[in-house]
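A short worksheet on the structure shown next.
Residues take their numbers from the sequence shown, with the count starting at 1.
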Amino acid sequence: MRRFSSWVFLGCLLAILFSPVSGTMLAQTPASTSEKTAMESSRQDHHSYANLEAVRVRHVALDLTVDFEKKILTGTCDLTIERTGADRQAPLVLDAKALTIFKAEQSADGKSFTETTFSLGTSDPILGAPLTVQVAETTKHVRISYQSSPAATGLQWLTPAQTAGKKDPFLFSQSEPIYARTWIPLQDSPQVRITYAARIRTPRNLLAVMSAENEYKPVKDGDYRFQLRRPIPPYLIALAVGDLDFRPLGKRSGVYAEPSVVEKAAFEFSDTEKMMTATEKLYGPYRWGRYDILVLPPSFPFGGMENPMMTFATPTILAGDKSLVSLISHELAHSWSGNLVTNATWSDFWLNEGFTTYLERRIVEALYGRERAEMEAVLGRQDLQRELDAFEDRDEILHIDLKGRDPEDGQTQLPYEKGVLLLRQLEETFGRQKFDRFLRGYFDHFAFKSITTADFEAYLHQHLLDRQPRLAAKIPLKEWMYQPGLPASAPVPKSDAFAQVETAATAWLEGKQPAVQLPTKNWSTQQWVHFLRFIKPKLKPEQLTQLDQAFKLTETGNAEIALEWLTIAIAYRYEKAYPALETYLLTIGRRRNVRPLYQELVKTPEGKMRAKAIYAKARSGYHPITQAAVDEIVAKD
Ligand code: BES
Ligand code: ZN
């Protein structure tokens, strides 16, 4: 695959030498020259064309009109730039994918602009194209006039039929990992940190929200302004537009959703303020001001996305009993791990997600108790095991090599669940008190910086391992980060509540107890999920009917229980659940929930036909990210 021209490669080498972050790293880490070189080259971002060694964008100001008819954003993007290298003549190289560029202008004072030349390179299917803009030595501002394409991966345009209200269209963005470039021309690397401002023009009756300070407006007027004063990586810029209502949750938190959903959401997320305080107690102040949650229509391809000040979330976690709110603790936790301390490249993604999963479970423990956190840890360990059984070695490495690959290839559960086990081993070895103090120091030290796995490793040595070498000897750190599989000493989460579920399940499976006598009355969602996973390989076909009659599983409104049940239904050809399966796949677009169902379906020829028939109806409603994942399963032949 075509990658980079040689001068971009040279640029990357220079970037390493002049990067301000690696500068601070070097100062605190006495290392040999060869170690240094290895550490520095691990900063190279293989997924951006930006010439960070010469020019860095510091601020982005957008002025965009949302055109629902044409499904495009159109307007301008003003970039405030700073020269960071010796080459004062170097052009500004941006990332752009599926964008139409009309004009580039430059200015020294941000007031009077003159037109300048630009060129768009050939487009790589994964990376898009470099957009090279000629800029004078004195230029501080660059203005790009452009529009996005209806096929932009980073945007989903929903018809009214795909919303809860059915009256108005809806738009949302999803920029992580490298889709910001499909709706904004910018340096799309997580090593860049920018502040941003935006003016968004929409149809008058709709509300726009962004991952920034949202201006308070008592009436919708179709003209909204935003600003984010804290520097973030570009993948955290986010926008949504729709018929949105708001309910406050606490002093500094609230929820946005369509009017018919907002009350339910406000109930489900009523612990948000408590989660914030619990996290602050453990890891230091919440540094982003407000924390709001936006509940999207069900085609949102993820469970949640940690856009700063405004988590984007799937409505499928509105179970009515707060049983799936660990997703909020996860996205909130990213306000420390991910948004404050950011992975420098997509190979370091586990620093975002492994740390966040660790924090997520600590928050769940603080609010709902150890047992609930342990149940979720066990389910996570099961997810990990499934991947370890299926993956090639190269995809089982925390610091995954993504050179020449799509960063999506690294976005599995592995960085989450293997990462969290490493942190758990550190906690268990050094003790909670010490490890909590370590983490708090880590967030302070690297606040508003982007770091690599090697940076973490150096910091960990200096602030934890090297202080207690006898304990450190118990941590096979290199193996954790650079080898496939799990170290033999990996912690094993255990749940008593699950052990009870297994005992009861076994008695029922063996015919010693009828289904109605299963002690399910107080089972949590997690216990149900565990029960269904546990019985899945051991069932007799008639037992599906018994279970369904006893517990109405086919009708469950809980998206996680439904996922497990429908997987079983497919595996055992339990036809009564097929209509529910179809409805699920036609309404929910969350990749993690639909992918396993299609995977289960295509295991048999009959199932494959069913998969194709359902997907033919469902595809156009899915987000491009989910479409790409399901295409691989269903459209393969
Ligand atoms: N940042 C991720 C979502 C993401 C990952 C988007 C990679 C694009 C690329 C988010 O924080 C996340 O992990 N979401 C999970 C939910 C979480 C509770 C594990 C999801 O969406 O399933
Ligand atoms: Zn996450």
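Of the N and O atoms on the side chains of Thr311 and Glu331, not one donor lies less than 3.5 Å from an acceptor on the other residue. Residues Ser211 and Asn307 bring no donor and acceptor atom of their side chains to less than 3.5 Å of each other. Defined by atom type and a distance below 3.5 Å, a donor-acceptor pair is present between the side-chain atoms of Glu353 and His334. Remark: the Thr356 side chain and the Ser337 side chain contain an N/O donor-acceptor pair separated by less than 3.5 Å. Side-chain atoms of Ser299 and Gln156 include a donor-acceptor pair closer than 3.5 Å. A donor-acceptor contact under 3.5 angstrom links the side chains of Arg193 and Thr342, judged on distance only. Using a 3.5 Å distance cut-off with no hydrogens or angles, the side chains of His59 and Thr195 do pair a donor with an acceptor. Counting only N and O atoms by type, the side chains of Ser173 and Ser175 include no donor and acceptor under 3.5 Å apart. Checking Asp45 against Thr345 by side-chain atom types alone, no donor-acceptor pair falls below 3.5 Å. Side-chain atoms of Ser48 and Asp95 form a donor-acceptor pair, as typed in the model, at a separation below 3.5 Å.
Ring centroids of Trp350 and Phe456 are separated by less than 6.0 Å, placing the two rings close together. Between Tyr615 and Tyr598, the ring centre distance stays below 6.0 Å. For Tyr235 and Trp346, the ring centers are positioned less than 6.0 Å apart.
Residue Glu137 places its CD atom among more than 12 non-hydrogen atoms of other residues, nucleotides or ligands, all under 6.0 Å distant.
In this structure, CG on Leu236 lies 9.0 Å from CG on Leu228, to the nearest 0.5 angstrom. In this structure, Arg201 CZ and Asp67 CG are separated by 13.5 Å, a value rounded to the nearest 0.5 Å.
Here Asp395 pairs with Arg405 in a salt bridge; the nearest charged N to carboxylate O distance falls below 4.0 Å. Salt bridge present: Glu408 and Arg591 bring a charged side-chain N and a carboxylate O closer than 4.0 Å. Asp124 has no carboxylate O lying under 4.0 Å from a charged side-chain N of Lys97, or vice versa, which leaves the two without a salt bridge. Looking at Glu213 and Arg229, a side-chain N of the basic residue comes within less than 4.0 Å of a carboxylate O on the acidic one, giving a salt bridge. A salt bridge links Asp631 with Arg619: the closest approach of a Lys/Arg side-chain nitrogen to an acidic carboxylate oxygen falls below 4.0 angstrom. Using a 4.0 Å cut-off between a side-chain N of Lys or Arg and a carboxylate O of Asp or Glu, Arg56 and Glu82 do not qualify as a salt bridge.
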Go through it in stages, so that I can follow the logic: the residues are Asp455 and Arg43, the test is side-chain contact (heavy atoms from CB on, under 4.5 Å), and I'd like the CA-CA distance, side-chain angles, deciding distance and then a yes or no. CA-CA 10 Å; Asp455 295 334; Arg43 288 195 75 78; 3.2 Å; yes
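Between Tyr442 and Phe355, the ring planes lie parallel to each other; the angle is under 30°, not in the 30° to 60° tilted range. Between Phe172 and His623, the two ring planes are parallel [angle under 30°; tilted spans 30° to 60°].
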